[in-house]
Structures are given as structure tokens and as C-alpha cells.
There are 2 protein chains.
Amino acid sequence: MHDPLSHYPGYSLRRAANATAAELAARLSDIGLKQVDASLLLLIGANPDVTASALGRELDIQRANMVPLLKRLEDGGLIDRNPLDGKSQGLVLTADGEDRRKEALAIIEAFESALLARIPADHRHHLLPALQALWRNA
Amino acid sequence: MHDPLSHYPGYSLRRAANATAAELAARLSDIGLKQVDASLLLLIGANPDVTASALGRELDIQRANMVPLLKRLEDGGLIDRNPLDGKSQGLVLTADGEDRRKEALAIIEAFESALLARIPADHRHHLLPALQALWRNA
DNA sequence: TAGCGATTGTTGTTGCGTATAGCAATCCAT
DNA sequence: ATGGATTGCTATACGCAACAACAATCGCTA
């Protein structure tokens, strides 16, 4: 079947993103996490007492949609909330949350290594800067 | 805010894909098409009398989900169905569909050019092969 | 310091895309 | 001719993200 699509960088970008996302999702499901969960754990771990709003801004997730996400992490005993003032709550990892963060980190690093390994050496180190140029100048 | 995520190729891949997909969607909405619609028009145009099943396999869309997609294109007068045998139907573009396909193609090519233009020249031509390595070896 | 716009966390609702199961009709290879 | 695979389709359900709205609080400024 003739394919007029896959020579487009934009199309291949979407296909590659889908394929790799599915693979990462499968790996993370081993420890009962979704990709968003893992992102949140890493972000909270690196920024103790961040607010839900700040996380949403960083990940481009609307405030409203953060609620069920964080609730799930809290119900799972992975994060705690510290009232910072009468309005904002700082988020921190619990001991369990920190453990899970480390597990997620290990999975992600292994996954990223596997990704890079798939790319021919002469293209390999060009991918990240090219992608960042696309994303950040959007 | 410290960001432990964006130096990962996999993460940047997803972010870049989202950002660029949103941009393409905006451009295609000018002619009343979604990205899937445009993909289908290009694919059908390049492969007259393809079947819905074949299209689904090519685009990784389940048979069941092709139905409303093609129905919309048919209702819009962009495609026609030719019974190939008692079971399969070949899909072809109508005259209007061919016109719309050309419009979509122009938009897509302009969009892809804009994408590449954003990437520093020394990384530019490495993107496509790197992405294809990720996608096809998935 | 009183007031006002902006911010935070939250609820509820909606729409879109996709996965899943099932079904009748047809094809194709043995 | 028969059984397994394929095609097109219905119906349903789930997850994710957008949107509107709201009360409470913060922080700047007049």
C-alpha cells in the first residue's frame, strides 16, 4: 500500500510519540503507575512543596484536571499536602512516594536508554535538540 | 521550578508531538478537517479502492472506529464507496474530495516546512530518520 | 487599611478518541 | 463443502481533557 504520509516529519513525530508512549506505559504499569503519575512524582520529588497549580502549569494540565490526579496519588499514600497559607497547599512525597519515585525513575531511565539505542548513532544526539526546538518554539 | 523531565528524549518527544499536533489541527480546521480526515483523504487519494480495513491497519485505527470517520467523509460528499465483491468496499475520492485533498496537502506541506524551519540547520535532517527508527522498530 | 483583581483548589459537566465485545455476511483455502 | 479468517458494522464503556462556575484567599494599590 502506497504511503504518502510517513516521509513527513510531523507525521512520523506523532507515530513515534504514540508508539513510545505505549511502550513506556506498559513498563510503568508494572509498578502501578501511569505516565502522568510518574511525571508528578518526579516533579514533586524535585520540588518539595510545589502547588497543584504550579504542577499544572509545568505539565500543561488544567487546574481542574489536576484534582483527580493528585487525589489518586494521595489515596495511594504517595503524597502529602502541607497548607502553605490559607489558600495554597504544598505537595511532598511520603516515604512510600519517594520509594515509588525511585522505581519510576529507574524504569524511565532504562526506557530512555532503550529509545536512544534504537537510533542510528549518527542521528542519536540530534534528536533531543531538534525536539526541543519544535516544542519550545511552538 | 526545577524540571527533571525535559532533558529526556521520550518526554520531549511527547511534548513536541502534542504541540505540533495542536498547531496542525488549527491549520486544518480552516478547511473543516481534522488530522485523521486529512490522513484519510491523502491515503485514499494515493490508493483508490482501498478498503476501510486496510486504511485502519495502515493508520492503526480499529475497524470499529473507522465507521464514523468514513461516514463523516461520505456525508460530506468527499468519498464514495465501490462494492469490490460481496464483502469489501473500495473507497475513492469524489471530485470534491480530490479538491479538498489538494487543499489539505498544501496545508500539510506548509506546516511541515514550518516545522523543519524551526529546527537548527545542523539538526534538521536528522529528525526524520531518528523518528522512523523509533517508530518502526517499536 | 479597605478594596479589587488575580490566584487557588474544587465541583460538575461535556465532548472526543479509543478500546472492547459481539454479530451477520462473505471470502478463501483445504 | 466446510471451517477459519475477514469485512463492515452496532453498541457500549472508559479515560482524558476542555469548560464554566464558585467560594475562599492572597497581594497589590489607592
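Chain A is the first sequence line, chain B the second, and so forth, proteins listed ahead of strands; every chain is numbered from 1. Note that the structure is predicted; figures quoted are calculated from it, not measured.
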Start with the C-alpha distance between B:K34 and B:L28, add both sets of side-chain angles, then the distance that settles side chain to side chain contact (heavy atoms under 4.5 Å, CB included), and finish with yes or no.
CA-CA 6 Å; B:K34 308 187 187 185; B:L28 283 175; over 6 Å; no
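- Qualifying side-chain hydrogen bond (donor to acceptor under 3.5 Å, both in side chains) partners for A:E112, counting only residues two or more places apart in sequence or in other chains: none.
- Remark: B:E23 engages B:R118 in a salt bridge, criterion side-chain N to carboxylate O under 4.0 Å.
- Checked for salt-bridge contact, A:D60 and B:R15 meet the test: a charged N lies under 4.0 Å from a carboxylate O.
- Regarding A:N18, its CG atom lies at a distance of 15 Å from the P atom of D:dC16, rounded to whole Å.
- Of the inter-residue distances, the one linking A:R101 atom CZ with A:I108 atom CD1 reads 10.0 Å to the nearest 0.5 angstrom.
- Remark: B:T51, B:A52, B:S53, B:R57, B:R63, B:A64 in residues 42-66 of chain B come within less than 4.0 Å of DNA chain D through at least one heavy atom.
- When rounded to the nearest whole Å, the span between CG of B:L69 and P of D:dG8 equals 14 Å.
- Following rounding to the nearest Å, B:Q35 (CD) and C:dC16 (P) show an atom-to-atom distance of 15 Å.
- Between its two ends, the helix from C:dT1-D:dA30 to C:dT30-D:dA1 turns its axis by 30°, counting five pairs per end and rounding to 10 degrees.
- Contacts classified as side-chain hydrogen bond (donor to acceptor under 3.5 Å, both in side chains) and involving residues 119-134 of chain B (residues at least two apart or in different chains) are given here: A:H123-B:H126, A:H126-B:H123, A:H126-B:H126.
- Put simply, the side chain of B:L43 reaches to within 4.5 Å of the side chain of B:L59, judged on heavy atoms.
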Passes side chain to side chain contact (heavy atoms under 4.5 Å, CB included), A:T20 versus A:F111? Steps please.
CA-CA 9 Å; A:T20 57; A:F111 164 74; 4.1 Å; yes
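- Heavy-atom distances under 4.0 Å link DNA chain D to B:R81, B:K87, B:S88, B:Q89 of residues 76-92 of chain B, given in residue order.
- Listed by first then second residue, pairs satisfying side-chain hydrogen bond (donor to acceptor under 3.5 Å, both in side chains) with a partner in residues 84-95 of chain A read A:R81-A:Q89, not counting sequence neighbours.
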Could you give me the CA-CA distance, side-chain angles and deciding distance for A:L91 and A:T51, then say whether side chain to side chain contact (heavy atoms under 4.5 Å, CB included) is met?
CA-CA 6 Å; A:L91 302 170; A:T51 63; over 6 Å; no
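- Close to C:dG9, at under 4.0 Å from its OP1 or OP2, lies no side-chain N or O of A:K71.
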